[in-house]
Number of protein chains: 2
Amino acid sequence: MNSLPAQPNQSLIDGVRLLQRLAITQEPLAVTLLARELGLEITRTNRLVKTLAHLGLAYRTQSRKYAAGPAMHVLAAQSLFGSGLIQRALPHLEKLSSQGHIVALGVLWEDQISYLYHWSPGLPTYAGLGRVAVCPAERSGMGIILLAQNSDEALASILRRHRSANNSSYRKLMINIRRARKTGYGEFMAGNSRSLALALGTPPYAALALSGRIRSSKVAQKVAILSQTKAAIEEVMNK
Amino acid sequence: MNSLPAQPNQSLIDGVRLLQRLAITQEPLAVTLLARELGLEITRTNRLVKTLAHLGLAYRTQSRKYAAGPAMHVLAAQSLFGSGLIQRALPHLEKLSSQGHIVALGVLWEDQISYLYHWSPGLPTYAGLGRVAVCPAERSGMGIILLAQNSDEALASILRRHRSANNSSYRKLMINIRRARKTGYGEFMAGNSRSLALALGTPPYAALALSGRIRSSKVAQKVAILSQTKAAIEEVMNK
DNA sequence: ATTCATATTGCTAAAATAGCAATATTGAGC
DNA sequence: GCTCAATATTGCTATTTTAGCAATATGAAT
């Protein structure tokens, strides 16, 4: 993202990754699992997680597993403001409600999509916040368009590190990614539900999606609507 | 918050503090200022901030100042879910709208209150999110009730580290804190606007407030209403 | 252009961490 | 309850990383 400093601090880098991993699921995780998932040594992981626990950012259960701690509320408040994306995007996302589809705003982390907003018809607008955990990027329109920004090598390196090594799903993903690069939008089908997504920002920092039973004949129209919202959000973000 | 690990990682601790400091204001900050504010050495600060910049969590302006970076959106999405507080509190906060006052949900960090939610009459519910930056804890009902949880020594240590060393304001704060400990709610007057706040959770992890032109005769009634909301939020948080 | 303030890096002493091996703790199965 | 196996945690010291000085670079202001 930026030039490496003279002395990049590996403890900070991996500590933040652990923090992020703890944040995205509710279930408490064992140190061994955390270490394996992030490719870290166990003792080191244990100490970093305990440091996070000391800060209140992690919480140790009786069975010595770790989950998000109470200071996560503090970090949420701070990063919510620091990001400013939800605050500025919400008025525009709300306007998409009338489409009758799921509306989502998400970000890519490693090989996962996290949702800033995930709204289904019938819910009040405010209920879309922090409602949904994560989705594997390869099974998400947003994931596909965000992954598509990477070079094939960078992509391979991301995917190699995660269980996504499965060959058949990898090939499917690459097909979707190549199409996304050509069309400019991410598309993923799950059963007869279609997810359409556009990236926000250059370089992209988030993505925007509509999901539901969208017929092929309506795709261009829905993408055009997403484009308007994309432009509107990018405009307020560039101020 | 938790027992110190065998090898607490100071880089992670201070790196996270820097991250938090960058998140809570929009203006880019010079390294010197960051270092002074957090009581850190300049070279170290420079390297930690550059590591954050490498992760995308900080952004370096042309004039070599640092602000929140694009990965802050990612952290916001993750911590929003990891915290779960906004998601679960919003339906209850919305019910407070009919009171005709400002409704807020905030957290304490060092000597500052950050807002998860800060809603004013006339706004849509969703607009209360991430709208307001920070407020010095000593000038906030929420700040007072949250600071009141600390022992006098812990309190002195928090305040000593910050510019709040001002004697007259310190004395006023202590009066407010002692009253809060007795009454169980935080109260702060700014002009003729009154702010009333209750802490959430044991130990408290956040606070809830109503602010506006609240007459003395109405205080007990408003505190009772806040208590109901507090109980409702605590209940959903304990599941 | 020159000056000043601040950011950044090179360098090495000093301090913190890594990671092994040992120990402690917990949960599962008797 | 007891034993065993799996996992977490810590003590220890070699190794690595960081701290912080001094030097340099980079901008901004004049």
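Just so it is clear: chains get the letters A, B, ... in the order the sequence lines come, proteins before strands, and each one is counted from 1. Bear in mind the structure is a predicted one, so any value in this text is a computation, not a measurement.
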| request: Return yes if some donor-acceptor pair links the side-chain N/O of B:Lys230 with the main-chain N/O of B:Leu198 below 3.5 Å, else return no. | output: no

| request: Would you mind telling me which residue lines up with the more 5' stretch of DNA chain D, A:Leu33 or A:Ser11, judged by nearest nucleotide? | output: A:Leu33

| field | Protein-nucleotide distance (B:Gln62, atom CD; D:dA28, atom P), rounded to Å | value | 8 Å

| field | Residues forming a salt bridge (charged side-chain N to carboxylate O under 4.0 Å, His left out) with A:Arg181, sequence neighbours excluded | value | A:Asp152

| task | Whole angstrom is fine here: how far is it from CZ in B:Arg44 over to P in C:dT8? | result | 17 Å

| remark: Bend of the helix from C:dA1-D:dT30 to C:dC30-D:dG1 from end-axis comparison, five pairs per end, nearest 10°, comes to 60°

| message | Consider side chain to side chain contact (heavy atoms under 4.5 Å, CB included). Of A:Leu85, A:Leu208, A:Leu90, A:Ile86, which one does A:Tyr117 pass it with? | response | A:Leu90

| task | Please tell me which of A:Val31 and B:Leu48 maps to the more 5' nucleotide of DNA chain D, matching each residue to the nucleotide holding its nearest heavy atom. | result | A:Val31

| Donor/acceptor link under 3.5 angstrom from B:Arg60 side chain onto base of D:dG27 | no

| request: Using whole Å, report how far CG of A:Asn46 lies from P of C:dA18. | output: 12 Å

| request: Please state how far atom NZ in B:Lys50 lies from atom P in C:dT8, giving the value in whole angstrom units. | output: 4 Å

| Just how far, in rounded Å, is C1' of C:dT25 from NZ of A:Lys65? | 15 Å

| query | Could you state the CD-P distance from B:Gln10 to C:dT17, rounded to the nearest angstrom? | reply | 8 Å

| query | Would you say C:dA16 has OP1 or OP2 under 4.0 Å from some side-chain N or O of B:Asn9? | reply | no

| Side-chain H-bond candidate by donor/acceptor type, B:His73 with A:Ser83, under 3.5 Å | yes

| task | Check whether the side chains of B:Asn9 and A:Thr51 place a donor and an acceptor atom closer than 3.5 Å, and report yes or no. | result | no

| task | Side chain of A:Thr43 only, please: which of D:dA28, D:dC21, C:dC20 is the nearest? | result | C:dC20

| query | Under a 4.5 Å cut-off applied to non-hydrogen side-chain atoms, are B:Trp119 and B:Ile102 in contact? | reply | no

| query | Does B:Tyr66 make a side-chain N or O approach to OP1 or OP2 of C:dT8 shorter than 4.0 Å? | reply | yes

| task | Write down the distance between CZ (B:Arg47) and C1' (C:dA15), rounded to a whole number of angstrom. | result | 14 Å

| request: Can you tell me the distance, in whole Å, between the CZ atom of A:Arg36 and the C1' atom of D:dA6? | output: 12 Å

| request: Give a yes or no on whether a salt bridge exists between A:Glu110 and A:Arg21, defined as a side-chain N under 4.0 angstrom from a carboxylate O. | output: no

| query | Is any side-chain N or O of B:Arg64 under 3.5 Å from a base N or O of D:dT26, one able to act as donor and the other as acceptor? | reply | yes

